[in-house]
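The structure appears below as structure tokens.
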2 protein chains.
Amino acid sequence: MPSQNSSQSGRSPQRQRGRERVAALLSAASACFVERGYDATTMTEIAARAGASIGSLYQFFPTKESVAEALMLDHAEALYARMERLLEHVPGWDTNELAGRLIRTFADYRKQHPSFVALQEATGSQPSLLGRTIRQRMRDYLCQILAIHAPKLAAGDLRPAAMVVQQLMKAATALQNEQPATLRQSAQTQLQRALALYLQELASE
Amino acid sequence: MPSQNSSQSGRSPQRQRGRERVAALLSAASACFVERGYDATTMTEIAARAGASIGSLYQFFPTKESVAEALMLDHAEALYARMERLLEHVPGWDTNELAGRLIRTFADYRKQHPSFVALQEATGSQPSLLGRTIRQRMRDYLCQILAIHAPKLAAGDLRPAAMVVQQLMKAATALQNEQPATLRQSAQTQLQRALALYLQELASE
DNA sequence: CTCCAATGTGAGGGTAGCCTCACATATCTG
DNA sequence: CAGATATGTGAGGCTACCCTCACATTGGAG
């Protein structure tokens, strides 16, 4: 009873060799997406870069989208882990520290993982189910963080506030593309200040 | 001495009939972009919807990108006009009123002009020169607005602040897609509050 | 009316990428 | 070793789109 259907495409690897191939394919895909963007990279390129044939690629990934999804799942796990870590430290941070961490968490991850940026930009056009799931779960983490930082806040006000914080984090990533560097840094500092002001208001009700 | 080169594609209309055709083509393109997205709509579709042949379309627009650019130019003019109007009223508004207007100006325009949204999303992937120009000029308007609202602010702090405000306006547009409506409205109100807090701090230095 | 530039047409050449398929090789199990 | 299953191959079918081109039609100027 195979876990997938019996068609040729879309099986998951059963042997060691298969797992290695999948890893090589994903690594190659990641590099291609970074260098040429999601839309511009072709399945043929990915296979060639991984030293595999096009048929081998289709054996494990029935579509280009499924390749992106597999990569995105990894990024999602890493992001969740960062949010968990954040959650642990919230009680020990004041408003300013929390604002800075929130701004940086997301922005730093994007800087360290360019393929996540490439995939995010591509997904932006036609929002995928996976993308929605990730955003939703990130918002849940923010709700937990806010519940700790602003314990007096009514439960019904938690979600809207989390949405605002989420948007401010996204704004921070948008600022990463700005030039020159001094202007960018000033803007990031100012954005952190704006977030701190808002967090302060939430906590002081 | 023609304004364009003498090749078949890319001429601008010389006669009344030509101008009408261009208008019909742009209108059709706008509708297609809204319904199917920029990437998915084809030049053939645009021509068919305008009741023109594919050759006629290429006569005036050498590439799909040039169609998008023509539409974007119209949107840019309309947006500049709105910012001018905003600029006139700034002296009479308090911080809260200004925050609300800033949040709504951009968000309202997107609601009224879906084709602008479609084009923005498409341009997001590979930033165009026109897109950069528009964002830059919008930022200049924000600098002027802030100079009025926060006269004590140092000239060097104007641009970073404008960038932050610009990002908050963009955040407001992102919230437009949220469901359900009550949650969306709460979040928008909260975002307006965050902007007001930031504007207040800028003005009170 | 005549002529010419502007406008209009749509079949089709060229390109490119997605994915399949028939078959080959590798690895495991007994 | 023998059978079974997983993995590997790449030529090519298929589709879709961009854009050109040779030619037709229109409308205004002289």
query = Separation of A:Met43 atom CE from C:dA16 atom P, in whole Å?
reply = 19 Å
ask   = Out of C:dC18, D:dC19, C:dT7, which has the shortest distance to the side chain of A:Thr42?
value = C:dC18
request  = Find the distance B:Tyr38:OH to D:dC18:C1' and express it as a whole number of Å.
outcome  = 12 Å
key: Gap between atoms CZ and P, on B:Arg15 and D:dG28 respectively (whole Å)   = 7 Å
message = Go through it in stages, so that I can follow the logic: the residues are B:His149 and B:Trp93, the test is side chain to side chain contact (heavy atoms under 4.5 Å, CB included), and I'd like the CA-CA distance, side-chain angles, deciding distance and then a yes or no.
response = CA-CA 9 Å; B:His149 183 257; B:Trp93 288 334; over 6 Å; no
query = From D:dA11, C:dT7, C:dT9, pick the nucleotide closest to the side chain of A:Ile54?
reply = D:dA11
query = What's the CD1-P distance between A:Ile46 and C:dG17, to the nearest Å?
reply = 12 Å
query = With no angle test and no hydrogens, is the base of D:dG27 tied to the side chain of B:Gln16 by a donor-acceptor pair under 3.5 Å?
reply = no
ask   = Of all the nucleotides listed (D:dA6, D:dC19, C:dT7), which has the minimum atom distance to the side chain of A:Arg11?
value = D:dA6
message = From CG of B:Leu57 over to P of C:dT7, roughly how many Å is that when rounded to an integer?
response = 14 Å
message = Please report the distance, rounded to the nearest Å, between CG in B:Asp39 and C1' in D:dC17.
response = 13 Å
remark   = Taken to the nearest whole Å, CZ/A:Phe61 to P/D:dG8 is 12 Å
message = Heavy-atom count check: over 12 atoms from other residues, nucleotides or ligands less than 6.0 Å from B:Glu178 CD?
response = yes
task = Calculate, to the nearest 0.5 Å, the distance between atoms CG and CD belonging to A:Leu168 and B:Gln167 respectively.
result = 10.0 Å
task = Would you mind reading off the distance between B:Tyr58 atom OH and D:dC23 atom P, rounded to a whole angstrom?
result = 22 Å
note = Whichever of B:Arg19 and A:Thr44 has the more 5' nearest nucleotide on DNA chain C, that residue is B:Arg19
remark   = With the side chain defined as heavy atoms from C-beta on, A:Arg17 is closest, among C:dT20, D:dC19, C:dT27, to C:dT27
query = Does B:Gly18 or A:Lys64 map to a spot on DNA chain C nearer the 5' end, using the closest nucleotide for each?
reply = B:Gly18
request  = With the side chain of A:Arg21 defined as its heavy atoms from C-beta on, choose the nearest nucleotide among D:dT9, D:dC19, C:dC19.
outcome  = D:dT9
inquiry  = From the set D:dT9, C:dC19, D:dT7, return the single nucleotide nearest to any side-chain atom of A:Pro13.
reply    = D:dT7
message = Can you confirm whether B:Glu65 is buried at CD, in the sense that more than 12 heavy atoms of other residues, nucleotides or ligands lie under 6.0 Å from that atom?
response = no
ask   = Above 12 or not: heavy atoms from other molecules or residues under 6.0 Å from CZ of A:Arg137?
value = yes
